[in-house]
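What follows is a set of notes on a single structure, which appears directly below.
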Amino acid sequence: MELAKNFQHTEAELKWYAHWEKSGYFKSEPDDRPPYTIVMPPPNVTGVLHMGHALNNSVQDILIRRAKMTGYNTCWVPGTDHASIATEAKVVGMLRDMGIDKKKLPRDEFLKYAWEWKEKYGGIILKQLEKLGCSLDWSRTNFTMDDAYYASVIRVFVDLHEKGLIYRGVKMINWDPKAKTALSDEEVMHKQTNSKLYYVRYKLDTGKDEYITVATVRPETILGDTAVCVHPEDERYAHLKGQYCFVPLINRRIPIIFDDYIDKEFGTGALKVTPAHDINDYNLGLKHGLPVIDTLNDDGTMSEAAQLYIGMDRFATRKKIVEDLKAAGNLVKEEDYSNQVGYSERTNEVIEPRLSMQWWCNMQELAKPALEAVMSDQIEFHPAKFKNTYRHWMGGIKDWCISRQLWWGQRIPAWYDSENGLYVAKTSEEAHEQYKITKPELAAKQPELRQDEDVLDTWFSSWLWPMEVFDWNRTPDNTDLKYYYPTSTLVTAPEIIFFWVARMIMAGYEYMGEKPFDKVYFTGIVRDKQGRKMSKSLGNSPDLLQMIEDSGADAVRFSVMISSPAGNDLLFDESQLEQGRNFINKMWNAMKLVKGWETRTVDGLEDSQVKFALDWMDARLAHVSQELAEMIKDFRLSEGLKTIYSLIWNDFCSWYLEWVKPGMEQPLSRNVYERTINIYEQLLQLLHPYMPFVTEEIYHLIKDRQAGDDLIVKQLPVYSTPDAVTLASGTKLQELITAVRDTRIKNQLKPKDTIKLWIDTTHHSFYEGAQDMLRRQVNAEQLGFIGKDGAQAPTTGMIALVVQTDKLYIEAAAATIDTTVQREQMQKDLEYFKGFIVSVSKKLDNEKFVANAKPDVIANERKKMADAQDKVKTLEESLAAM
RNA sequence: GGGAGCAUAGCUCAGCUGGUUCAGAGCAUCUGCCUUACAAGCAGAGGGUCCGCGGUUCGAACCCGUGUGCUCCCA
């Protein structure tokens, strides 16, 4: 078969993905093997693949593929999240483009459009994950608005309501005037913003021309003021006890109250109190019995209660009221001010704190076992630093606002009668039953109940994900749930530790009586080269699908994984794609080289010359394989990839293949060929989880395979601990080769110039195995040992060098021998080692050191000393000979 | 305002319980090579005040204190 010049990624990706899927390698059913389960963090149903997904899902695929090779029954469950706010916003936008106003649509008609949208655009992202090579069990795909899933969300709502944990109440919430819905605290992002601090004076009700000045960044809320507050110990205002003042422009008479909540140093030390529009003011209002005047409509315009600017947007009002205050003589001054402003996570709109009737979930009791599980490492967090964040949040956990004023989502299963009587039930029928029993007379007259208009927070469905994807609600005793739950590892971003991770743990303990996963691995945030978070608004997020098309999924996975150290952010730079592509090319060429030997193999050919190389490579493989297992266990995936990269490029290609390479047109022993193929296979296997396509392709090209012999399911061999002497011998040979090459260059020897190499050593057995490779790699026509077969130490015209404690002499006809550089180098080495001996001697002569240090440390120092002395001796002799 | 974390080569990071022969890797850089798998390559090299200061210790990149700078989370 003619081999392509390069790896053709597009064809290979289509071919192998289809093959894996057709062969059922992605599918999982419970069996005798231990399970390894991951539930994918469901992306938004309308989302498209971005760098964050690429990182997150590459990590999961690596863990899954690796587990598959080590005897586990792996199950990776895909799915999507209905993403209430995000999706509804998109549908509303689409309707607007069609000239349809959501407000004018009945609920069910809007939902029809929403489902149409979902059918059309939903799940694109799952298709895109195939492109990345994700080995997902597609037969288990879930969606958080599927009927079964919907039912489980409703069940949990009803259950928590029965337990008294879910209740309805008026509280200060975060209002998003664009999406026109309440948000949970977690959905609000605080951003440092440049604002203005306005100083506004309020006339006192003393009949005189006296004022009190307050400072505010939100002057439009003045219209909702119901008090001015000062610190009880603030002498400036002590005389105002029991006094009143007037709200500017509307002249409402409001009291001056005293509370030590006030920061005397801030502004003027006097605070305007607007209980309807600030959480702290609200609490003050509660304490002091102040009225609440809500001056905002749900779209962020001023309400009738504001008296002025009715219907005008809040920010326009802010400008206007400043002008009016100035005109009225109430504006004292304004100054620049930087403060934190809350923005909606989804719509990026400035949040308005607002009093509102919402549904709440009390988290206190649910949080207890969830906190304990993480603190005691029953659930391991990687990196562990996130335990602190988690504890901090869980310790101060507040009630969760779970209702959203939206239509796309699970509708709250609560019904009201005309007297506002409340019935919470799984179905309308059940609610009506309750109604008839509770209020038979009313029900006889008015049989219809009105269902709550709101839907539940998206996260109120996502928190059931690890159990509900295995059909917990309908069949809680099913074999899948028993086998796969608790799942093995959750891979997610630290940003959603509260939104999602913490709540899944709570739901897991509450409903399964068991944690949802053993381990959580938090990936970093994807940033660009300059360290900026990748985002649509910055436009710094590369087009992932284009990258896959251009460079291939393997190169993309390589570039993402090579630069994401455990627990740190990923700084993505497209140059890493090139590194990935080069690596693929390197492997491809190595395959071509090895394949090229096939026709030149001969049975029973003496291969003692390269036995050294084979043994060493086997030892390296065993050694690195063990290291890699540790790294993957600790989620040091980036380090793992670097390690395999180096094993393949340096150890295998640069050293091993060069060592066993037969000469031009020379035959090769069958045994060496087979072992080389075998080694290459194992390297591919180690790399496969990271770069699945190219490895599978080469695995099949390098040798004919029977049906079903695919790399993805090939089990990793068990390696025995490698022999340290074998490993050290390889290192020594490398050192020798490098040293001789370096010396050649320093003496202007061209690569083609041959040399004679004389070695003065006591380690003859080492050279017996290695000499052939040494000779070829340094282009020596002859290699001799001093003291053997009458060989003499050279006296003149030689270049001397020292490797470890062996003395080497290069004899070269072509050399313009300049020993000065060489001597200087040796002299420097000599001085260093002499200095080193002094410092080690000091240590060993120090009684405190000898008394305190561990015995093996002392033994090691003694060895260092002896080695250094040997080295000094060798160097001195070589110098003398020059 | 409260909390967490980080600072090691030009860049991105390793460096485990304080103790290995000038502190390691990749990328980048420099030099020489189109050597019959690979120039998307080969060979070789250079590059560090381990953020500053103080302390503990026989011994500190590592532990403690402090200062500076940066990042993230929460209010």
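Bear in mind the structure is a predicted one, so any value in this text is a computation, not a measurement. Chain A is the first sequence line, chain B the second, and so forth, proteins listed ahead of strands; every chain is numbered from 1.
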query: Can you tell me the Watson-Crick or wobble partner of B:G41, both distances under 3.5 angstrom?
result: B:C33
query: Do any side-chain nitrogens or oxygens of A:Arg741 fall under 4.0 Å of OP1 or OP2 in B:G44?
result: yes
Residue whose closest nucleotide on RNA chain B lies nearer the 5' end, A:Ile745 versus A:Cys653: A:Cys653
task: Report the base-pairing partner of B:C6 (Watson-Crick or G-U wobble, both distances below 3.5 angstrom), or none.
output: B:G69
- line: By nearest-nucleotide position on RNA chain B, the 5'-leaning member of A:Gln576 and A:Gln734 is A:Gln576
task: Specify the separation, in whole Å, of atom CG of A:Asp742 and atom P of B:C33.
output: 16 Å
query: Rounded to the nearest Å, what distance is computed from the CZ atom of residue A:Arg581 to the P atom of nucleotide B:G26?
result: 20 Å
field: A:Phe522 CZ to B:C73 P, straight-line distance once rounded to whole Å
entry: 14 Å
field: Derivation of the side chain to side chain contact (heavy atoms under 4.5 Å, CB included) call for A:Arg218 and A:Asp278
entry: CA-CA 10 Å; A:Arg218 295 192 300 158; A:Asp278 184 281; 3.8 Å; yes
- prompt: Backbone N or O of A:Val778 within a donor-acceptor pair of the A:Arg744 side chain at under 3.5 Å?
  reply: yes
query: So which nucleotide from B:G41, B:A4, B:U21 ends up closest to the side chain of A:Trp649?
result: B:G41
task: Go through B:U21, B:G2, B:U35 for me and flag the one nearest to the A:Phe833 side chain.
output: B:U21
task: Give a yes or no on whether the backbone of A:Asp870 and the side-chain of A:Thr805 come within a donor-acceptor separation of less than 3.5 Å.
output: no
- request: Could you check how far CZ of A:Arg744 sits from P of B:C33, rounded to whole Å?
  value: 14 Å
- prompt: B:A75 C1' sits how many Å from A:Phe498 CZ, rounded?
  reply: 12 Å
message: Counting only Watson-Crick pairs (N1-N3 plus N6-O4 or O6-N4) and G-U wobbles (N1-O2, O6-N3), all under 3.5 Å, who is the partner of B:C50?
response: none
message: Rounded to whole Å, please give me the gap between CD1 in A:Ile497 and C1' in B:C74.
response: 12 Å
message: Output the rounded distance in Å from NZ (A:Lys5) to P (B:G41).
response: 12 Å
query: Which one, B:G41, B:C38, B:G26, comes nearest to the side chain of A:Gln579?
result: B:G26
